[in-house]
Visitor: 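Structure below; questions to follow.
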Amino acid sequence: MAEAAISIGTKVRVTRVRDRIPAGLVASLKADPTGTVKGYRMTDGTGVGVVVELADGTTSWFFDDEIIAA
């Protein structure tokens with residue numbers, strides 16, 4: 001994880017996005033890049049991504065180096 005303190009329920013801020021994402025998610029992140037960690041997701045068989053619910057209710061996952069504790 002980006003920081004050891006990031007666990008389910010932690011408030012985080014999305015600082016960057018490595019991959020292409022839908023326009024709706026771009027708009028959500030531009031409006032408010034903060035959210036709450038809701039869970040985890042396997043990324044490539046060796047890594048773990050973080051599932052984040054943004055302030056507008058949108059849920060998406062991010063790599064651990066794309067978020068920081070808010």
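Any value given below was found using the heavy atoms of this structure, including those in side chains, with hydrogens, waters and symmetry copies removed. Remember, it's a predicted structure, so these values are computed and weren't measured experimentally.
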Visitor: Would V51 and V48 show up in the same hydrophobic cluster when neighbours are defined by side-chain heavy atoms closer than 4.5 Å?
Guide: no
Visitor: Does one hydrophobic cluster hold both V26 and V52, with members joined at side-chain heavy-atom distances below 4.5 Å?
Guide: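 Per the 4.5 Å side-chain linkage, V26 and V52 are co-clustered.
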Visitor: Which side-chain N or O atoms in residues 29-37 pair as donor and acceptor under 3.5 Å with protein atoms at least two apart or in another chain?
Guide:
{"residue": "D32", "atom": "OD1", "partner": "T34", "partner atom": "N", "Å": "3.1"}
{"residue": "D32", "atom": "OD1", "partner": "T34", "partner atom": "OG1", "Å": "2.7"}
{"residue": "D32", "atom": "OD2", "partner": "T34", "partner atom": "OG1", "Å": "3.4"}
{"residue": "T36", "atom": "OG1", "partner": "K11", "partner atom": "NZ", "Å": "3.1"}

Visitor: Taking a hydrophobic cluster as the set of Ile, Leu, Val, Met, Phe, Trp and Tyr residues connected by side-chain heavy atoms closer than 4.5 Å, whether directly or through intermediates, do I21 and W61 fall within one such cluster?
Guide: no
Visitor: So which heavy atom on T58 is nearest to which on S28, and how close?
Guide: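 Residues T58 and S28, closest heavy atoms: OG1-OG, 3.5 Å.
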Visitor: Are the side chains of V50 and R41 in contact, using a 4.5 Å heavy-atom criterion?
Guide: no
Visitor: Does the side-chain contact (heavy atoms from CB on, under 4.5 Å) test come out yes or no for V17 and L25, once each step is laid out?
Guide: CA-CA 11 Å; V17 179; L25 184 54; over 6 Å; no
Visitor: Are R16 and E66 ion-paired here, with the side-chain N under 4.0 Å from a carboxylate O?
Guide: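 No, this pair does not count.
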Visitor: Assess the residue pair D19 and F63 against the criterion (side-chain contact (heavy atoms from CB on, under 4.5 Å)); give the C-alpha distance rounded to whole Å, side-chain angles, the decisive distance to 0.1 Å, and a yes or no.
Guide: CA-CA 10 Å; D19 296 327; F63 292 103; 3.5 Å; yes
Visitor: Which heavy atom in V12 sits nearest to a heavy atom in I67, and how many Å separate them?
Guide: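 Taking V12 first and I67 second, the nearest heavy atoms are CG1-CD1, 4.2 Å.
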